[in-house]
Amino acid sequence: QLLQENETWVAARGGRGGLGPSSPKLKNGRKGEVGQRTRLELEVRLVTDVVLVGLPNAGKTSLLAAMSRAHTRIGPEEYSTTRPHTGVIRFRDGVDIR
């Protein structure tokens, strides 16, 4: 599980690359070596449960701000949500919708 930004994990190491001959007439090249093979089963975890999709000025950001504690800057013209945020709606039974 990768949780931090720029975090890496090596699933399989690559092989050593080959070298061509120093001259087309010489046979002094080197063949590459085979790398490791790994079979993986990946699981995708989504950050959001709900996505609001609609035309510009349809009120998506206003609806999100009214239903959650998301603080976004909303302007009067199209495409004017300059700082989009993910809002969280918490219900009394402990369920969170992000």
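With sequence neighbours excluded, no residue forms a side chain to side chain contact (heavy atoms under 4.5 Å, CB included) with N6. Under the rule for a side chain to side chain contact (heavy atoms under 4.5 Å, CB included), the partners of E33 that lie at least two apart in sequence or sit in another chain are R16.
A single hydrophobic cluster is seen to contain both W9 and L42, as judged by linkage of ILVMFWY side chains at heavy-atom distances under 4.5 Å, directly or through other members.
Between T38 and A11, the closest heavy-atom pair is OG1-O, 3.1 Å.
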